[in-house]
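For reference, the structure is listed below as structure tokens.
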Amino acid sequence: MNIDTKERLAHTGDVSPEAIRVRLLAARNSLGLQQLEVAKQLGLKKTTFHSQESRGAPSIATMKYYYRQHRIDFNFILHGDFAQLPQDVQDRLFSALQDE
């Protein structure tokens with residue numbers, strides 16, 4: 001996959017709620033997790049996590065969870081920057097983004 005395709009799929013540079021929503025969904029789906037599983041890990045109600053994900057407005061705690069537990073950092077979630085992510089993480093994310 002070339003850089004242009006990756007940037008298009010990641011919506012690199014797009015900080016709109018819609019683009020952040022796409023990246024949040026890709027993060028969760030790349031891990032094979034359901035919303036309830038992530039919500040439990042965060043100590044949130046499923047509806048609270050669902051709201052963050054669907055609005056493209058993750059809490060800091062949600063972003064810290066993805067970074068600390070799964071190496072998906074704030075730069076990717078908020079801005080679509082992926083170059084700093086480990087290759088295995090990138091591979092999973094781009095696979096999930098292609099499935100969107």
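- Under the 4.5 Å side-chain criterion, counting only non-hydrogen atoms from C-beta, Ser30 is in contact with Ile72.
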Apply side-chain contact (heavy atoms from CB on, under 4.5 Å) to residues Phe76 and Asp81 and explain how you reach the verdict. CA-CA 5 Å; Phe76 176 76; Asp81 293 328; 5.8 Å; no
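- Taking OG1 of Thr47 as the start and CG of Leu36 as the end, the distance is 10.5 Å to the nearest 0.5 Å.
- Here the closest non-hydrogen pair linking Gly56 and Leu24 is CA-CD1, 4.3 Å.
- Taking Asp4 as the reference, nothing meets the salt bridge (Lys or Arg N to Asp or Glu O under 4.0 Å) condition, with sequence neighbours excluded.
- More than 12 heavy-atom neighbours from other residues, nucleotides or ligands sit within 6.0 angstrom of CD on Gln98.
- Listed by chain and number, the residues in a side-chain hydrogen bond (donor to acceptor under 3.5 Å, both in side chains) with Gln90 are Lys6 (sequence neighbours excluded).
- Closest approach of Val15 to Arg23, counting heavy atoms only: CA-NH2, 4.4 Å.
- Between Leu9 and Val22, the shortest heavy-atom contact is O-CG1, 4.5 Å.
- The cluster map of Ile, Leu, Val, Met, Phe, Trp and Tyr, joined by side-chain heavy atoms under 4.5 Å apart, puts Leu78 and Leu25 in different clusters.
- Using a 4.5 Å cut-off between side-chain heavy atoms of Ile, Leu, Val, Met, Phe, Trp and Tyr, with links allowed through other members, Tyr67 and Leu33 fall into the same hydrophobic cluster.
- The main-chain N or O of His50 is found under 3.5 Å from a side-chain atom of Ser54 such that the two form a donor-acceptor pair.
- Residues passing the salt bridge (Lys or Arg N to Asp or Glu O under 4.0 Å) test with Arg71 are Asp88, sequence neighbours excluded.
- Taking OG of Ser51 as the start and NZ of Lys45 as the end, the distance is 12.5 Å to the nearest 0.5 Å.
- Remark: Glu37 CD to Leu31 CG distance equals 10.0 Å, nearest 0.5 Å.
- Using modelled atom types, one finds a donor on one side chain and an acceptor on the other under 3.5 Å when comparing Gln35 with Glu53.
- Arg21 pairs by the side-chain hydrogen bond (donor to acceptor under 3.5 Å, both in side chains) definition with nothing, not counting sequence neighbours.
- Within a 6.0 Å radius of CD1 in Ile60, no more than 12 heavy atoms belonging to other residues, nucleotides or ligands are found.
- In this structure, Lys40 NZ and Phe49 CZ are separated by 14.0 Å, a value rounded to the nearest 0.5 Å.
- Pro58 and Ile77 get closest at one heavy-atom pair: CG-CG2, 4.1 Å.
- Residue pairs meeting the ring pair (Phe, Tyr, Trp, His ring centres under 6.0 Å) criterion with at least one partner in residues 78-100, sequence neighbours excluded, are Phe82-Phe94.
- Shortest non-hydrogen contact noted between Leu42 and Ala61 is CD2-O, 3.6 Å.
- Remark: Asp14 CG to Glu7 CD distance equals 12.5 Å, nearest 0.5 Å.
- Both Phe74 and Ile20 belong to a common hydrophobic cluster when Ile, Leu, Val, Met, Phe, Trp and Tyr are linked at side-chain heavy-atom distances under 4.5 angstrom.
- Every ring pair (Phe, Tyr, Trp, His ring centres under 6.0 Å) that His70 has, sequence neighbours left out, goes to Tyr65.
- Distance CZ/Arg55 to CD/Glu18: 12.5 Å, rounded to 0.5 Å.
- The nearest pair of heavy atoms linking Thr12 to Gly80 is OG1-O, 2.9 Å.
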